[in-house]
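Proteins come first, then strands; the chains are lettered A, B, ... in the order of their sequence lines, and each starts at number 1.
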Amino acid sequence: DSGVTQTPKHLITATGQRVTLRCSPRSGDLSVYWYQQSLDQGLQFLIQYYNGEERAKGNILERFSAQQFPDLHSELNLSSLELGDSALYFCASSDTDRGQGNIQYFGAGTRLSVL
Amino acid sequence: GQNIDQPTEMTATEGAIVQINCTYQTSGFNGLFWYQQHAGEAPTFLSYNVLDGLEEKGRFSSFLSRSKGYSYLLLKELQMKDSASYLCAVRDTSYIPTFGRGTSLIVHP
């Protein structure tokens with residue numbers, strides 16, 4: 001168990017809908033990262049938050065947004081869902097956003113199926 | 001941007017040794033990671049290299065050559081539970097690692 005908690009584990013929804021994925025980082029970790037993993041794309045970085053502020057952005061679609069709350073948990077919002085959004089969404093956390101020893105620890109993921 | 005290349009699939013026998021290679025091209029190298037991922041599960045951290053040389057951790061070792069843009073993960077005394085995908089990830093000065101597509105390792109009896 002990495003200590004990173006993601007809910008829900010599975011999500012089934014329809015095209016055009018909106019969903020929210022939740023992540024609680026390891027105790028003491030200030031950084032949260034969101035990744036998307038699909039069969040043909042591998043693990044793709046979406047966005048990073050550090051202590052409540054957006055720190056880095058990857059290949060995140062405009063239909064997707066995220067935030068990190070004062071208690072450091074994070075939510076990833078996916079809207080106007082398309083079939084191609086079906087994937088595993090992982091959250092990872094680390095204690096800092098810089099530093100040589102900065103290691104990311106991953107949650108168990110949310111499997112999103114858009115029908 | 002970064003370019004990471006690792007074999008798609010490898011097979012090995014239980015009890016044997018296997019070496020999974022990773023080559024990369026990046027501007028501003030700032031560390032290389034190896035993760036293990038069983039199907040449908042979370043990636044699990046295995047090793048981190050930032051300086052040239054070999055890092056050993058039990059049955060797993062990881063090697064880095066920065067001048068060659070090359071790393072390998074060495075798994076000894078293979079067990080059936082080692083069947084998984086192994087992800088090489090390279091970090092640049094943005095401190096965000098870029099992951100390779102992963103190498104699917106199949107260990108057979």
Side-chain angles (χ1 to χ4, degrees), chain A residues 1-7 9-10 23-26 29-50 54-60 86-113, chain B residues 1-9 20 22-24 26 28-53 55 57 60 62 64 66 71 73 84-105:
Chain A
D1 184 1
S2 67
V4 179
T5 304
Q6 286 188 251
T7 56
K9 288 195 187 313
H10 301 278
C23 169
S24 294
R26 294 186 319 159
D29 283 359
L30 299 178
S31 251
V32 170
Y33 310 78
W34 286 98
Y35 289 86
Q36 180 192 58
Q37 188 176 42
S38 54
L39 282 173
D40 58 343
Q41 288 293 326
L43 205 57
Q44 298 288 315
F45 169 68
L46 296 178
I47 197 164
Q48 178 206 1
Y49 279 81
Y50 176 74
E54 182 184 303
R55 188 59 67 117
K57 227 170 184 176
N59 300 321
I60 188 166
S86 296
L88 265 172
Y89 291 84
F90 286 105
C91 167
S93 75
S94 64
D95 56 354
T96 67
D97 68 331
R98 296 287 188 267
Q100 286 300 330
N102 190 20
I103 309 277
Q104 294 183 9
Y105 294 91
F106 284 78
T110 294
R111 182 175 293 280
L112 174 66
S113 298
Chain B
Q2 299 183 58
N3 190 30
I4 299 170
D5 194 34
Q6 47 181 136
T8 304
E9 187 175 293
I20 302 175
C22 172
T23 57
Y24 64 88
T26 184
F29 175 82
N30 198 10
L32 186 144
F33 302 82
W34 284 96
Y35 282 82
Q36 180 192 60
Q37 186 179 25
H38 287 97
E41 298 183 9
T44 304
F45 170 73
L46 290 178
S47 68
Y48 167 69
N49 296 71
V50 67
L51 299 176
D52 291 351
E55 294 280 342
K57 198 188 283 188
F60 294 3
S62 57
L64 175 67
R66 288 172 296 170
S71 172
L73 180 70
S85 184
Y86 291 86
L87 311 178
C88 172
V90 176
R91 187 173 67 186
D92 61 16
T93 50
S94 74
Y95 283 90
I96 302 295
T98 297
F99 285 79
R101 295 279 183 102
T103 298
S104 178
L105 174 66

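Here the OH atom belonging to B/Tyr48 is positioned 7.0 Å from the CD1 atom belonging to A/Ile103, to the nearest 0.5 angstrom. A/Gln104 CD to B/Phe33 CZ: the interatomic distance, rounded to the nearest 0.5 Å, is 7.0 Å. Here the CD-OG distance, from A/Gln37 to B/Ser85, works out to 7.5 Å after rounding to the nearest 0.5 Å. In this structure, CG on A/Asn102 lies 8.5 Å from CD1 on B/Ile96, to the nearest 0.5 angstrom. In this structure, CZ on A/Phe106 lies 5.0 Å from OH on B/Tyr35, to the nearest 0.5 angstrom.
Dense packing is recorded around CG of B/Asp52, with more than 12 heavy atoms of other residues, nucleotides or ligands lying under 6.0 Å away. Counted within 6.0 Å of NZ on A/Lys9, heavy atoms from surrounding residues, nucleotides or ligands total 12 or fewer; the atom is thus considered open.
Proximity to chain B is absent for every atom of A/Arg55, based on heavy atoms less than 4.5 angstrom apart. For A/Leu43, the parts sitting under 4.5 Å from any heavy atom of chain B are the backbone and the side chain alike.
A/Ala108 and B/Ala42 make their closest contact through CA-CB, 3.9 Å (heavy atoms, listed as atom of the first residue, atom of the second, distance).
Ranking B/Gly102, B/Pro97, B/Gly100 against chain A, the residue ahead of the rest is B/Pro97, based on heavy-atom pairs under 4.5 Å.
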